[in-house]
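Here is the structure we will look at.
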Amino acid sequence: LSEQYPDDPRLAFLKAWLAAKQGKLEESLTLANRNLELDSGNARVWRLRGQIYTALNNFNSAITDFQKSKSLADNAEVRIDLARAYARTNAIEQAISELKIAADEQGSSIARNMLEELFFMTGNTERISKFYSETITKFPDNVYWYNHAGNFALNTKDYATASKLFDAAFQNSLKADTQQPDAEAF
């Protein structure tokens, strides 16, 4: 097919993607560059090249490509990739900013989990507490987040809050399954 359609950007993308998935990073980078020559307005190609640069530990180039991809097609997946690259360069605040949008405005649960990890990396207990408060407000029936917030409260020796959070988790598990509590939630 490549010989028949050497200038087909879809085929060029698939070849670059396949080479990347096979771990042939230098080859996939060459193919992604060729794909961008054919179709520089394709957000998927910019994201793929950003992923290739990330795998090559070239985070500054990855950030540039993820930003370009985001400018062409803003979605949670590219924001998560961008946040990962920012985090690898210790640009934690930029990573948090991208993840907040991906989680809050674009509904990504993966971004919310990554946001939790980054807040823990900062070590700022007030920010972590605020994160859990906002998350529980947003997901008032979610046993998972009550348990995580409860564990955080335990670790910070806020036993009264931990007790309330674990009780709320238990009560929510009862609502979810009126037959019996969700043992896996605990």
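In what follows, residues are counted from 1 in the order of the sequence shown.
- Applying the ring pair (Phe, Tyr, Trp, His ring centres under 6.0 Å) test to residues at least two apart or on different chains, none of the pairs has a partner in residues 20-71.
- Between the Thr54 side chain and the Gly50 main chain, a donor and an acceptor come within less than 3.5 Å of each other.
- Taking all atoms of both residues into account, the shortest heavy-atom contact from Leu48 to Trp17 is CD2-N, 3.6 Å.
- Looking only at side-chain heavy atoms (C-beta outward), Gln67 and Leu82 come within less than 4.5 Å of each other.
- When atom types are taken as modelled, the side chain of Asn155 and the backbone of Asn151 share a donor-acceptor pair closer than 3.5 angstrom.
- A donor-acceptor distance shorter than 3.5 angstrom exists from the side chain of Thr156 to the backbone of Ala153, with no hydrogens or angles considered.
- Using a cutoff of 4.0 Å between basic side-chain nitrogens and carboxylate oxygens, Asp104 and Arg112 are scored as salt-bridged.
- Across all their heavy atoms, Ala20 and Leu25 have their closest contact at O-CD2, 4.3 Å.
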Take Asp39 and Val45, measure what side-chain contact (heavy atoms from CB on, under 4.5 Å) needs, and give me the verdict at the end. CA-CA 8 Å; Asp39 186 9; Val45 181; 5.6 Å; no
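- For Thr64, the side chain to side chain contact (heavy atoms under 4.5 Å, CB included) criterion is met by no residue, not counting sequence neighbours.
- A salt bridge does not link Lys100 to Glu105: none of the charged nitrogens lies less than 4.0 Å from a carboxylate oxygen.
- Interatomic distance, CD of Glu98 versus CG of Asp81, reported as 11.0 Å (0.5 Å rounding).
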Using the side-chain contact (heavy atoms from CB on, under 4.5 Å) rule, take Arg34 and Leu38 through it: C-alpha gap first, then chi angles, then the decisive distance, then the call. CA-CA 7 Å; Arg34 170 70 178 133; Leu38 298 171; 3.5 Å; yes
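- Minimum interatomic distance between Pro9 and Asn35 (heavy atoms only, all atoms of both residues): O-ND2, 3.1 Å.
- In this structure, Arg49 CZ and Ser69 OG are separated by 11.5 Å, a value rounded to the nearest 0.5 Å.
- With contacts defined as side-chain heavy-atom distances shorter than 4.5 Å, the pair Ile136/Asn142 does not qualify.
- What you find for Ala87 and Ala95 is that their closest heavy atoms are N-CB, 4.0 Å.
- In this structure, Asn42 contributes its side chain and Leu36 its backbone to no donor-acceptor pair below 3.5 Å.
- A donor-acceptor pair is defined here as one N or O able to donate and one able to accept, closer than 3.5 Å; such a pair exists between the side chain of Thr137 and the backbone of Ser133.
- At least one side-chain heavy atom of Arg84 sits under 4.5 Å from a side-chain heavy atom of Met114.
- From Lys15, atom NZ reaches atom CG of Leu31 across 6.0 Å, with rounding to the nearest 0.5 Å.
- The closest donor-acceptor contact from the side chain of Asn33 to the backbone of Leu29 lies under 3.5 Å.
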Does Gln51 form a side-chain contact (heavy atoms from CB on, under 4.5 Å) with Asp65? I'd like the steps, not just the answer. CA-CA 9 Å; Gln51 291 170 336; Asp65 284 359; over 6 Å; no
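- Side chains of Leu18 and Lys24 form no contact here, defined as non-hydrogen atoms less than 4.5 Å apart.
- Atom-to-atom distance recorded for Asp141:CG and Asn172:CG is 5.0 Å, nearest 0.5 angstrom.
- Contact detail for Ala32 and Ala16: the closest heavy-atom pair is N-CB, 3.7 Å.
- One distance of note links NZ of Lys68 with CG of Leu72; it measures 5.0 Å at 0.5 Å rounding.
- Annotation: Gln22, atom CD; neighbour count of heavy atoms from other residues, nucleotides and ligands within 6.0 Å is above 12.
- Side-chain atoms of Gln106 and Asn75 form no donor-acceptor pair, as typed in the model, at a separation below 3.5 Å.
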Would Asn147 and Val143 count as a side-chain contact (heavy atoms from CB on, under 4.5 Å) here? Give the steps. CA-CA 6 Å; Asn147 279 327; Val143 173; 3.5 Å; yes
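- Residue Ile101 belongs to no hydrophobic cluster, having no ILVMFWY side-chain heavy atom closer than 4.5 Å to its own.
- Note: Asn58 CG to Ile63 CD1 = 9.5 Å, rounded to the nearest 0.5 Å.
- For Lys164, there are no side-chain hydrogen bond (donor to acceptor under 3.5 Å, both in side chains) partners, not counting sequence neighbours.
- Partners of Glu93 according to the side chain to side chain contact (heavy atoms under 4.5 Å, CB included) rule, which considers only residues two or more places apart in sequence or in another chain, are Ile96, Arg127.
- For residues 86-135, every residue pair satisfying the ring pair (Phe, Tyr, Trp, His ring centres under 6.0 Å) rule, not counting sequence neighbours, is listed here: Phe119-Phe131, Phe120-Phe152, Phe131-Trp145, Tyr132-Phe152.
- Minimum heavy-atom separation, Val78 to Ala73: CG1-O, 4.0 Å.
- Between Glu77 and Arg47, the closest side-chain pair of non-hydrogen atoms falls below 4.5 Å.
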